[in-house]
Protein chains: 2
Amino acid sequence: MAQPTMDDVATKAGVSRALVSLVMNRSPRVSDHSREKVLAVANEIGYRPNMAARNLASGQTQTIGLMLNDLHNPYFTLMAEGAAAAAEEAEMRVLISSGWKQDSGESQAIELLLGLRTDAVLLGSPRLPELLLEQCAAQTPTVVVGVWATSPAFDTINNDEDHGAELIVDHLMGLGHSRIAHIEGNRVAGGLERRDSFSKSMMNRGLAPILVEGDFDEISGYEGAKTVMALKEPPTAIFAGNDLSASGVLAYLDEAGLSAPGDVSVVGYDDTVLAGVGAVSLTTVFQPCKQIGGTAIQALLERIDGRTEARHEVLEPRLIVRSSTGPAPS
Amino acid sequence: MAQPTMDDVATKAGVSRALVSLVMNRSPRVSDHSREKVLAVANEIGYRPNMAARNLASGQTQTIGLMLNDLHNPYFTLMAEGAAAAAEEAEMRVLISSGWKQDSGESQAIELLLGLRTDAVLLGSPRLPELLLEQCAAQTPTVVVGVWATSPAFDTINNDEDHGAELIVDHLMGLGHSRIAHIEGNRVAGGLERRDSFSKSMMNRGLAPILVEGDFDEISGYEGAKTVMALKEPPTAIFAGNDLSASGVLAYLDEAGLSAPGDVSVVGYDDTVLAGVGAVSLTTVFQPCKQIGGTAIQALLERIDGRTEARHEVLEPRLIVRSSTGPAPS
DNA sequence: TTCCGCAATGTAAACGTTTACATTGCTACT
DNA sequence: AGTAGCAATGTAAACGTTTACATTGCGGAA
């Protein structure tokens, strides 16, 4: 599988290697005649520039690395799609790796990207401690999504969790609910803020929050629902950490012969495609996933261009009321 | 952001560059004393090997590229997870790119991977014609999942579509259905086989297949259901191209005031997490997504090790009956 | 003491590009 | 005719590794 190199093209086309390089990089300095000749030969022998060599020589990759917490979560894949589209516009490509929700996997995933020397990295809800994120930022332009931090070393984009939690609590209280449970997201990648915001909102309104562990996925939604519904005084509403988790809650309720919103109201978070689809459509909090991805790429491009002051963006949440919430049963 | 190089480490540790290289590659030929010294320095100055240089010099990347048709489809992300796990065992990393369901995007995605000179590539339901897949295979070891082909240039892994369609048709006929519609997957990435198998199965049993276009996603499931339910004689059962599409079907039915399986039975394909979750759990055909990913990586590793004969694997489908199918209404 | 063998380390030539700079021929002006 | 200027192309030195091979130094056998 020895692949053709620039030299092969140059020789066969009877020109110098430098000229081939210019052609491949669309330089305007080369004559139409040469350009055509070179392209023809390149095409004929199936030449494809070696990115490693290109990167080594130029110090650039035209590539942005994405580390995503959980590829099974539409929130992240939508973010990736938005990022890919934005990158495309800047003639950049996006390379994805994931830690599959494990600390060690995530380290490796980031390590891989840093080793590749992508021009920048976008970290989607990293689980790693802020210190490590700063180390990453020291190596390459970095934007972190989904983790609250005020580090001057990297940019962040976050949802206003406090406000989101308030919207949900107010909505549910308005429907007459007072025993409201929250199935937490994880305790490492920004789930903590959502949980704390919920607690605070509840407390402020004189209600006791019911909390149960989770990990932002279906299975923990299912388990969490099972746990809280087994309480002596089960909640009349469940606020799941995200839509994925809410799906799990609905699955459990269905299995247990309970209905939403008849018996229990359910709220998700993110407004991913999961929320709209399915027999019971989810009341949830909208997050502009794709747009977040695009904004993150913009921020990275600016950093590549030399910006150094950190920017910490906070997005306003918006409650989307669908059919999974209703009046509290009397 | 000038990053430290091997030379920096070598100088600071008072050794040669080659020795640092040996240490970084865990060679047993270096003394404990030197190893420790080098590692200490590397760690101190935050040295990280440059993959581009490493790749250029060694001709290896220890990396396998994954091109995935649609990151929003759990089928692919599960496959990726399985692949990542298998790669991990072989001390390899996995790099993902997607064409986001567009031909041009897919070309770019594959081009990116080939340019990077990953040691091999795994193509998840590529939309591109077989000719292009062969070109890819000519450059690097290639395994294609989800596309029927008998090319001697690459390996394939596929579901036995004929059998899968038969299982579904028999199941539905057994429940008394005769007007059965199929919402097609796409017409480029292997959706054709599923559609043809369905048609054939129906015909063989003396039934006329009802077909409607689709693209393996929620929206086309929704639209497809809308289309067929508007027929003079609407079907009593819908076989969606995959689970994603089936979700869309369920969403439409719900919106139209119809219920599954009371009014219409619905069948999916893939048995992704979508099938089990949700108020109406899906009858579907099981595919061992993760395992497919793992098998694909195995095949690639063998090819990297020198195997050249192509292997075309066919997996046996298994029908999973859940609550979205029931007797045909009388 | 001499010399062999071996472990540990160093030397230097790749790997396939980019890119600053040098060279070559023209055109067109004086 | 001589030459300035410019477009087109060539030359060669990086870029940061790996790796075959050379060198060093040391312990022990002769």
Side-chain angles (χ1 to χ4, degrees), chain A residues 1-39 41-42 45-63 111-112 114-119 139-140, chain B residues 1-39 41-42 45-63 111-112 114-119 139-140:
Chain A
M1 303 247 175
Q3 312 210 4
T5 76
M6 199 166 249
D7 263 324
D8 298 331
V9 178
T11 306
K12 186 147 190 178
V15 300
S16 76
R17 198 171 49 211
L19 187 53
V20 177
S21 174
L22 292 179
V23 171
M24 298 314 287
N25 292 299
R26 297 192 187 74
S27 162
R29 289 169 30 202
V30 22
S31 71
D32 291 349
H33 174 70
S34 303
R35 184 194 315 282
E36 279 169 31
K37 192 170 51 180
V38 167
L39 286 178
V41 172
I45 68 177
Y47 169 71
R48 201 181 309 274
N50 180 326
M51 297 277 272
R54 188 199 284 258
N55 173 20
L56 194 55
S58 74
Q60 303 229 316
T61 57
Q62 309 289 39
T63 283
E111 205 64 30
L112 176 59
L114 291 177
L116 280 172
R117 301 290 196 273
T118 52
D119 294 344
Q139 302 251 110
T140 189
Chain B
M1 302 242 178
Q3 311 210 5
T5 77
M6 202 165 246
D7 262 325
D8 298 332
V9 178
T11 306
K12 188 146 186 179
V15 299
S16 76
R17 198 173 47 210
L19 186 56
V20 177
S21 174
L22 292 178
V23 171
M24 298 315 285
N25 291 298
R26 298 192 188 74
S27 162
R29 287 170 32 201
V30 21
S31 71
D32 291 351
H33 175 70
S34 302
R35 182 193 318 280
E36 280 170 30
K37 191 171 50 181
V38 168
L39 285 178
V41 172
I45 68 178
Y47 168 72
R48 201 179 312 270
N50 180 326
M51 297 276 274
R54 189 200 284 259
N55 172 225
L56 194 54
S58 73
Q60 303 230 315
T61 57
Q62 308 290 34
T63 283
E111 205 63 33
L112 176 60
L114 290 177
L116 280 173
R117 301 290 195 273
T118 53
D119 294 343
Q139 303 250 113
T140 189

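Below, read A as the first sequence line, B as the second, and so on, with proteins coming before strands; counting in each chain starts at 1. Everything numeric here is computed off the predicted structure, so don't read it as measured data.
Atoms CG (B:Asp7) and P (C:dG10) sit 12 Å apart, rounded to a whole Å. Computed from coordinates, the B:Arg54 CZ to D:dT19 C1' distance equals 13 Å when rounded to whole Å. Atom CG of A:Asp32 and atom P of D:dA8 are 8 Å apart (whole Å). Taking atom CD of A:Gln60 as the reference point, atom P of D:dG16 lies 14 Å away to the nearest angstrom. Between the C1' atom of D:dC15 and the CG atom of B:Asp8 lies a distance of 13 Å, rounded to the nearest Å. Atom CG of B:Asn50 and atom P of C:dG16 are 16 Å apart (whole Å).
No side-chain heavy atom of B:Thr63 sits less than 4.5 Å from a side-chain heavy atom of B:Leu116. Residues B:Asn50 and A:Leu56 are in side-chain contact: their nearest non-hydrogen atoms beyond the backbone lie under 4.5 Å apart.
Looking at which nucleotide of DNA chain D each of A:Arg17 and A:Leu22 is closest to, the 5′-most match is held by A:Leu22. The residue among A:Val30 and B:Pro4 whose nearest nucleotide of DNA chain D lies closer to the 5′ end is A:Val30. Taking the nucleotide of DNA chain C with the nearest heavy atom to each of A:Ala52 and B:His33, the more 5' of the two is matched to B:His33.
The side chain of B:Val15 lies closest to C:dG10 when the candidates are C:dG10, C:dT18, D:dT17. Candidate nucleotides D:dA12, C:dA8, D:dT18 were compared by shortest atom distance to the side chain of A:Ala18, and D:dA12 ranks first.
Across all strands, B:Arg29 comes closer than 4.0 Å to base atoms (heavy-atom distances). Note on A:Asn25: only backbone sugar-phosphate atoms sit closer than 4.0 angstrom, heavy atoms only; bases stay farther off. Residue contacts shown for B:Thr5 are limited to sugar-phosphate atoms, with no base heavy atom under 4.0 Å away. Among the atoms of the strands shown, only primed sugar atoms or phosphate atoms (P, OP1, OP2) are found under 4.0 Å from some heavy atom of B:Ser58.
Between B:Ser21 and the phosphate of D:dT17, there is no side-chain N or O to OP1/OP2 separation shorter than 4.0 Å.
Applying the side chain to side chain donor-acceptor pair (under 3.5 Å) test between A:Thr61 and each of A:Asn55, A:Thr118, A:Asp119 identifies A:Asp119 as the sole match. Each of B:Leu22, B:Val23, B:Leu19 was compared with B:Arg35 under the side chain to side chain contact (heavy atoms under 4.5 Å, CB included) criterion, and only B:Val23 meets it.
No donor-acceptor pair under 3.5 Å is formed between the side chain of B:Gln139 and the backbone N or O of A:Gln3.
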